[in-house]
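Scope of the values below: all heavy atoms of this structure, side chains included, with no hydrogens, waters or symmetry mates.
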Amino acid sequence: MRKDLGVKPYLFPMPVLMIATYDREGKVDVMNMAWGGICANKLVALNLDADHQTTKNLRLRKAFTVSIADREHMREADWFGIASGNDTPDKFERTGMHAVKSKFVDAPVIEEFPVTLECELVFDSNENDGPHFYGEIKNVSADERVMTGGRVDPALLHALVFDQFRGDYYVVGERVGKAWREGKALE
């Protein structure tokens with residue numbers, strides 16, 4: 001029997017994405033964001049609140065990076081969701097993480113996160129429930145430690161996903177089938 005749960009943002013898994021930007025002075029800001037993802041071949045969508053420091057930085061710098069949080073850096077990733085860049089000026093520094101400037105966009109790449117999409121802002125909308133940003137992917141970089149045969153290996157990535165149901169983190173990585181092949185038996 002099914003039970004109605006009401007209107008909730010219940011999808012699983014939700015990626016744990018780290019959005020990194022520079023502020024006016026070139027200081028690194030990182031936020032933990034679950035409401036976003038790939039929306040086209042070369043586009044990333046971000047849904048943010050208007051009062052986030054990241055929102056201000058995006059509008060100022062017109063660039064951002066999106067990194068996949070991993071199990072190894074769960075504490076830091078969670079901190080980036082707890083602390084606000086508006087209230088905690090040393091938010092990034094407290095983690096001990098390191099950033100380098102992207103070669104492709106005006107945004108930082110956080111060295112410890114294993115995969116990073118480097119994006120240029122192409123569309124900024126304030127419709128409905130707050131700011132929506134779309135960025136064109138200009139480059140994807142990955143740490144060699146999570147690669148096999150020149151491609152990112154999800155089993156090595158240990159990507160965090162967020163559980164909207166209970167507020168927990170999980171790790172993804174077990175391969176259970178091949179896309180576009182498992183269903184062929186039904187043809």
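- Legend: side chain to side chain donor-acceptor pair (under 3.5 Å) pairs involving residues 16-26, not counting sequence neighbours, sorted by first then second residue: Thr21-Asn57.
- Listed by chain and number, the hydrophobic cluster partners of Met1 come to none, as no ILVMFWY side chain reaches under 4.5 Å of it.
- Apart from Val122 itself, the hydrophobic cluster it occupies contains Leu43, Phe123, Tyr134, where clustering links Ile, Leu, Val, Met, Phe, Trp and Tyr at side-chain heavy-atom distances under 4.5 Å.
- For Ser84, there are no side chain to side chain donor-acceptor pair (under 3.5 Å) partners at least two apart in sequence or on another chain.
- Under the side chain to side chain donor-acceptor pair (under 3.5 Å) criterion, Thr95 pairs with no residue, sequence neighbours left out.
- Within the structure, every pair that satisfies the salt bridge (Lys or Arg N to Asp or Glu O under 4.0 Å) test and touches residues 64-78, not counting sequence neighbours, is listed here: Asp70-Arg145, Glu72-Arg145.
- Scanning both residues, Lys91 and Ala83, for their nearest heavy atoms gives NZ-O, 3.0 Å.
- Remark: Asp49 engages no residue in a side chain to side chain donor-acceptor pair (under 3.5 Å) (not counting sequence neighbours).
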Residues 96-107 side chain polar contacts: donor-acceptor under 3.5 Å, at least two apart:
from: His98; atom 1: ND1; to: Glu112; atom 2: OE2; distance (Å): 2.6
from: Lys101; atom 1: NZ; to: Val105; atom 2: O; distance (Å): 3.3
from: Ser102; atom 1: OG; to: Phe104; atom 2: N; distance (Å): 2.9
from: Ser102; atom 1: OG; to: Val105; atom 2: N; distance (Å): 3.1
from: Ser102; atom 1: OG; to: Glu118; atom 2: OE1; distance (Å): 2.4
from: Asp106; atom 1: OD1; to: Arg61; atom 2: NH1; distance (Å): 3.3
from: Asp106; atom 1: OD2; to: Arg61; atom 2: NH1; distance (Å): 3.0

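- Tyr170 shares a hydrophobic cluster with Leu5, Tyr10, Phe12, Val161, Phe165, Val172; the chain of contacts runs through ILVMFWY side chains whose heavy atoms sit under 4.5 Å apart.
- Grouped by direct or indirect side-chain proximity (heavy atoms under 4.5 Å, Ile/Leu/Val/Met/Phe/Trp/Tyr only), Trp180 sits alone.
- Residues that satisfy the salt bridge (Lys or Arg N to Asp or Glu O under 4.0 Å) test with Asp29, not counting sequence neighbours, are absent from this structure.
- Listed by chain and residue number, nothing satisfies the side chain to side chain donor-acceptor pair (under 3.5 Å) test with Lys138 (two or more places apart in sequence, or in another chain).
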